[in-house]
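Chain identifiers are assigned alphabetically (A, B, ...) following the order of the sequence lines, protein sequences preceding nucleic acid strands; residue numbering begins at 1 within each chain.
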Amino acid sequence: MMLRIMSVEFLKLRRKLVWLLVLLGPLGVVALQAVNFGLRYDYLTKQYADDLWGGLIDNVSMLMLPTLFIGLTILASMTAGIDHQMNTWKQTLALPVNRASIFAGKFAVTAILLLCSSTLLVPFTLLLGFLLDFGFEELPLADLAMTVYYPFLAIMPFIALQVWLSVAMHNQALPLTVGIIGMIAGMFASQFPDWMPWKWPSLINDRDMPLYSVGAGLTLGLIVMLLGMCQFVRKDVR
Amino acid sequence: MTTNKETILETSGLTKKLGGKPVVKDVNLRIGRGDIYGFLGPNGAGKTTTIRMLLGLAKPTRGSIRIFGKDISKDRLAILRSVGSLVEYPSYYGHLNAIENLEAVRRLLTVPKNRIDEVLSVVRLTKDAKRPVKGYSLGMKQRLGIATALLGNPELLVLDEPTNGLDPAGILEIRELIKSLPKSHGVTILISSHLLSEIEQMATRVGIIAKGSLIYEDRIEKLRERSQGHIHLGVSEPEEAWKLLSASGVKASLVEGKLTVAEKNNAAIAAIVARLVGERHQVYRVEEEKVSLESIFLDMTGVEGSL
């Protein structure tokens, strides 16, 4: 059932340029870093002399976080918006499909799109590293994967929240506003206390254990997703 | 007679309150197999709210709904498997073409792929199937909506105002399509409208709802009987003529100088006229005045119900 719902969701996204967006996010991040490293090549290579790849990955990660926040907001709004546009909710929900799976489908599609976007960051970063002549010997694959996938997992509460808001409201202005505020909050997150979810995607915590942030993100993400699901199952369709 | 038919849909005491105000009050519907049930009422009478509840889109505040003998609050998915619906204005994904739109629904219904071609030809959209739906005319979108409703081979088809906003040719087209369905596909249809003229040409039974209450439910013929007319007679001396007719046992009435007889069959009218002429009355006119179904409908629903 879930698979069928997901296949329908992807069918509905055809010709919506959503894949272009998925591509543009990581491309933008790496392009900006290309400019950064291109303009200050000598300065930056001296600063990161003992770990060129590490320096690049740190810089990419810095831009990746706000991009994740805004990206998930837009993706959630787009996947929900398709059904708001001509109010196709009433058609879908009058089909023999259970409502919880429909909601789970919207969540899963948004998460998968964001995951694709995050994954693209890996080859793009490697390509930039090659172009900057950082060498092929010690490819920092493990480091890069951690930098890309840990924040993706830690940001789950926000994916769940945005999917919930975007699905619940016909007018997408509020969900988008909440998402943008989230992005701004995320930029100052390193100064927040550890219990603030905005801080989790940065993987910074007092114990210096990135996995704590990931675990917290996954747990709260699941809770928010279930809350949204409960509300969606109960509400009357207009 | 419908009463002998198997009941497909039955509601009892169906009530829905929105913000404390009852929008649907104690509605008891009964639809038999093979009926085309016309669900009539002015705008805002509670038709769409009732239909939303029948489809499980909204939960009733009170009362129960049984479709195919199952309770919708318990067996929603099993019921919806055999129900096709079109609720107020067609729902469609404008950026997709007709085939993709139907495919999105087909995957959730898990019916074979060739159903898409079948329903497209039923609503005659095969030629335009590959164009994005946003470029369709309203009539075509409405037909696509009906095709979507037919996709799962439903036993019960629920159509909420399917001719809303269509031009006369479009209305005729949809009407012919709907009339042909019970014959060719054996489905039962619930169709709502605020226009009696539209329903009376296809429905076998009607239910009329006004201000949230079901005020009439019977076969369409019963409603038609009410619309039988009266014969007016234009005569030189109405008063005398009335006395004469009353004296000879003809039921006649005189209101503001207008003579009206209740008789309707041709022979009786001929006899009355012969009688009047025989008594040297001058008969100017013999006219039939039909009470239209519309005015009966208006009487029932109240003019302030705004049509």
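Heavy-atom distances place no part of B:Thr49 under 4.5 Å from chain A, backbone and side chain included. A:Arg99 touches chain B through backbone and side chain together, each having a heavy atom under 4.5 Å away. Contacts between B:Arg106 and chain A at a heavy-atom distance below 4.5 Å are absent for every atom of the residue. In this structure, chain A has a heavy atom under 4.5 Å from the side chain of B:Lys16, while its backbone stays farther away. Heavy atoms of B:Arg52 lying under 4.5 Å from chain A belong exclusively to its side chain. Interface remark: A:Asn87 contributes backbone atoms only to the contact with chain B (heavy atom separation under 4.5 Å).
Applying the side chain to side chain contact (heavy atoms under 4.5 Å, CB included) test between A:Val18 and each of A:Leu13, A:Leu23, A:Ile74 identifies A:Leu13 as the sole match.
Of the residues considered (B:Leu55, B:Val87, B:Leu108), B:Leu108 shows the highest number of contacts with chain A, using heavy-atom pairs under 4.5 Å. In terms of non-hydrogen atom pairs under 4.5 Å with chain B, the most contact-rich of A:Gln91, A:Lys235, A:Met1, A:Lys90 is A:Lys90.
A:Trp198 has its ring centre less than 6.0 Å from the ring centre of A:Phe158.
Under the 3.5 Å distance criterion, the side-chain polar atoms of B:His194 are left unmatched by any main-chain donor or acceptor of B:Leu40. Judged purely by atom type and a 3.5 angstrom limit, B:Gln142 uses its side chain to pair as donor or acceptor with the backbone of B:Pro162.
Ring orientation note: the planes of B:Phe39 and B:Tyr37 are tilted relative to one another, at an angle of 30° to 60°.
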Would you give me the side-chain donor-acceptor pairs under 3.5 Å for residues 110-125 of chain A, sequence neighbours excluded?
unit_1: A:Thr110; atom_1: OG1; unit_2: A:Thr79; atom_2: OG1; d: 3.2
unit_1: A:Thr110; atom_1: OG1; unit_2: A:Lys106; atom_2: O; d: 2.8
unit_1: A:Ser117; atom_1: OG; unit_2: A:Val22; atom_2: O; d: 2.7
unit_1: A:Ser118; atom_1: OG; unit_2: A:Leu114; atom_2: O; d: 3.1
unit_1: A:Thr119; atom_1: OG1; unit_2: A:Leu115; atom_2: O; d: 2.7
unit_1: A:Thr119; atom_1: OG1; unit_2: A:Tyr149; atom_2: OH; d: 2.8
unit_1: A:Thr125; atom_1: OG1; unit_2: A:Leu121; atom_2: O; d: 2.6

